[in-house]
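Letters go in sequence order (proteins before strands), and every chain restarts at 1. Owing to the predicted nature of the structure, the values given are computational and were not obtained by experimental measurement.
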2 protein chains.
Amino acid sequence: MILAMEISHDVVRSPAMQRGNYNKRCAIISAATAVFVRDGYVGASIDAIAEEANVSRQTIYNQIGDKEKLFVEVVRGINEHGSARLVAVLATFPDEPENIGRELVEFAIRLTRDCLCDDNSRALRKLIENEGSRYPELFETWKDYGPGKNWPAISSRFARLARAGDIDLDDPDLAARQFMALIRADLPNEPGQLVNDTELEQAARNGVRTFLRAYGKRDAALAL
Amino acid sequence: MILAMEISHDVVRSPAMQRGNYNKRCAIISAATAVFVRDGYVGASIDAIAEEANVSRQTIYNQIGDKEKLFVEVVRGINEHGSARLVAVLATFPDEPENIGRELVEFAIRLTRDCLCDDNSRALRKLIENEGSRYPELFETWKDYGPGKNWPAISSRFARLARAGDIDLDDPDLAARQFMALIRADLPNEPGQLVNDTELEQAARNGVRTFLRAYGKRDAALAL
DNA sequence: TGACTTTTGGACACTCTTGTCCAATTCGTC
DNA sequence: GACGAATTGGACAAGAGTGTCCAAAAGTCA
């Protein structure tokens, strides 16, 4: 995380941005993200990225450097955006719920839509899985951003619910992992497929119902 | 499935096999599997495959044809082996369990080890995810082999357990998906990482415990 | 041994990619 | 408008990959 923040500062203060060509840089990274995700590291060509960004190939080399630097930039971009979104969604976790079932379902919907199903998150998972062996340091950065930073946040939320007596669990970490798994379990997982709102809500409801059957007090699951 | 069986017959009766150079063909496909999995479709070079198979590059072109035919062959190979293993494991699903908790845990361990964690299965998922968009017919074949054929088999097993009164569920398909998800939830999922037996058993136990808390009769989950 | 098939390795043409160089052009700012 | 910086497009060398061709070597079977 310290590393990431340093790099982040580097970017903010880079001469490129100060001189007003920030738009081009953004266009390049955005296009590169799309192409890397579509074709993978080896399959993505600088020419394709340049075309996608409506930019000359030379500009890419001027602005960012070689292909590897471009890739690192792309992964960091997705990481930062994804992490920010997850933090935002986590903030909506029910603190003192009136109807724990309904509130967990709505939380699950937000989590699924904003952090699991959205294109960039899927893209990142794919890139990490594919290129992780080639660039181990990418995998490390991702672990720090994603699971390393965010899982504890999720499970501490569950722990708080348990202390407040809303649910009944002994291992918050395990419960958090299982909650996420149950949420995902009922989603159509074909690559590149859109999930409509009805399916999304149904999947969230199914997952939360089973979660509350296992961990909920009294008849918390019945209302779903 | 019909398509798959036809192709399968085709292979069995191919002149290549009859003439006794079956070993070379196997070596090629086996090596190609390793290389495709390691480097992806674009990243895998015919030369690398030839070297891995201890075979001249020309022999690959003689035996199989171009790169795309080789890839199709590899995917079918993994599909067939993986499907066969899954059928074998499914046959061990508890029919009239004495101790449903323990028997489900053991089933989950077999399922995880033989069908989810093993190298080829992970490899196939990765290949499908990466190249599925480029070769949609691969994805179709996979759906027929995997989820299409096997999910119903799993859920019908759960339905039978429910009819026998061992568990209490209304939607066997949903239960099957959630069972699989819970089994997976607690596995370390870093790419390429081995899972030792202790972790495997613990993960299975955790998953089954939550599953039985949600769907089990009486105190079925307590014994775990 | 001899006929036939397969395998091998090298050479080849072709395409694609990366990264660099450079002159002409455009852009931003004063 | 004028100056400096950024951008563009084209050309280039170097490397890697695919797929083909072919003659020599090795293997197979009667």
Could you state the atom-to-atom distance from [atom1] of [X] to [atom2] of [N] in whole Å?
X        : N       : atom1 : atom2 : answer
Leu70(A) : dT17(C) : CG    : C1'   : 15 Å
Ile46(A) : dT20(C) : CD1   : C1'   : 13 Å
Phe36(A) : dT18(C) : CZ    : C1'   : 12 Å
Asp39(A) : dT17(C) : CG    : C1'   : 13 Å
Lys24(A) : dT8(D)  : NZ    : C1'   : 9 Å
Tyr61(B) : dG10(C) : OH    : P     : 17 Å
Ile60(B) : dT6(C)  : CD1   : P     : 17 Å
Glu68(A) : dT17(C) : CD    : C1'   : 16 Å

| query | If you find the nucleotide of DNA chain C closest to Thr59(B) and the one closest to Ala44(A), which residue's nucleotide is nearer the 5' end? | reply |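 The answer here is Thr59(B).
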Which residues share a salt bridge (charged side-chain N to carboxylate O under 4.0 Å, His left out) with [X], sequence neighbours left out:
X         : value
Glu51(A)  : none
Glu106(B) : none
Asp95(A)  : Arg157(A), Arg160(A)
Arg110(B) : none

| task | Report the C-alpha distance between Glu73(B) and Lys69(B) in whole Å, list the side-chain angles of each, state the deciding distance to 0.1 Å, and finish with yes or no for salt bridge (charged side-chain N to carboxylate O under 4.0 Å, His left out). | result | CA-CA 6 Å; Glu73(B) 215 64 28; Lys69(B) 290 204 187 82; over 6 Å; no
Donor-acceptor pairs under 3.5 angstrom involving side-chain atoms of residues 175-185 of chain A: please list them, not counting sequence neighbours.
unit_1    : atom_1 : unit_2    : atom_2 : d
Arg177(A) : NE     : Asp186(B) : OD1    : 2.5
Arg177(A) : NH2    : Asp186(B) : OD1    : 2.6
Gln178(A) : OE1    : Tyr215(A) : OH     : 2.7
Gln178(A) : OE1    : Thr210(B) : OG1    : 2.5
Gln178(A) : NE2    : Asn206(B) : O      : 3.1
Gln178(A) : NE2    : Thr210(B) : OG1    : 3.2

| Partners passing side chain to side chain donor-acceptor pair (under 3.5 Å) against Arg113(A) (at least two apart in sequence or in another chain) |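 Arg113(A): no side chain to side chain donor-acceptor pair (under 3.5 Å) contacts found.
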| Partners meeting side chain to side chain donor-acceptor pair (under 3.5 Å) with Thr59(A) (sequence neighbours left out) | none
| Estimated bend of the helix from dT1(C)-dA30(D) to dC30(C)-dG1(D) (axis per five terminal pairs, rounded to 10 degrees) |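 The end-segment axes of the helix from dT1(C)-dA30(D) to dC30(C)-dG1(D) are tilted 30° relative to each other.
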Pairs: protein N or O with nucleotides 21-24 of chain C N or O, under 3.5 Å:
unit_1  : atom_1 : unit_2   : atom_2 : d
dC21(C) : N4     : Gln58(A) : OE1    : 2.8

| Any donor-acceptor pair under 3.5 Å from Ser155(B) side chain to Trp151(B) backbone |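 Yes, Ser155(B) side chain to Trp151(B) backbone: donor-acceptor pair under 3.5 Å.
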| request: Using the test ring-ring contact (aromatic ring centres under 6.0 Å, His included), find all partners of Phe93(A) that sit at least two apart in sequence or belong to another chain. | output: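 Once residues adjacent in sequence are excluded, the partners of Phe93(A) under the ring-ring contact (aromatic ring centres under 6.0 Å, His included) criterion are Phe107(A), Phe158(A).
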| query | Just to confirm, is there a sub-4.0 Å distance from OP1 or OP2 of dT18(C) to any side-chain nitrogen or oxygen of Lys69(A)? | reply | no
Could you go through nucleotides 12-16 of chain C and list every protein N or O atom that sits under 3.5 Å from one of its N or O atoms, giving the distance for each pair?
none

Show the atom names and distances, to 0.1 Å, of all donor-acceptor pairs under 3.5 Å that link a side chain in residues 29-42 of chain A to residues at least two apart or in another chain.
unit_1   : atom_1 : unit_2    : atom_2 : d
Thr33(A) : OG1    : Ile29(A)  : O      : 2.7
Tyr41(A) : OH     : Tyr135(A) : OH     : 3.3

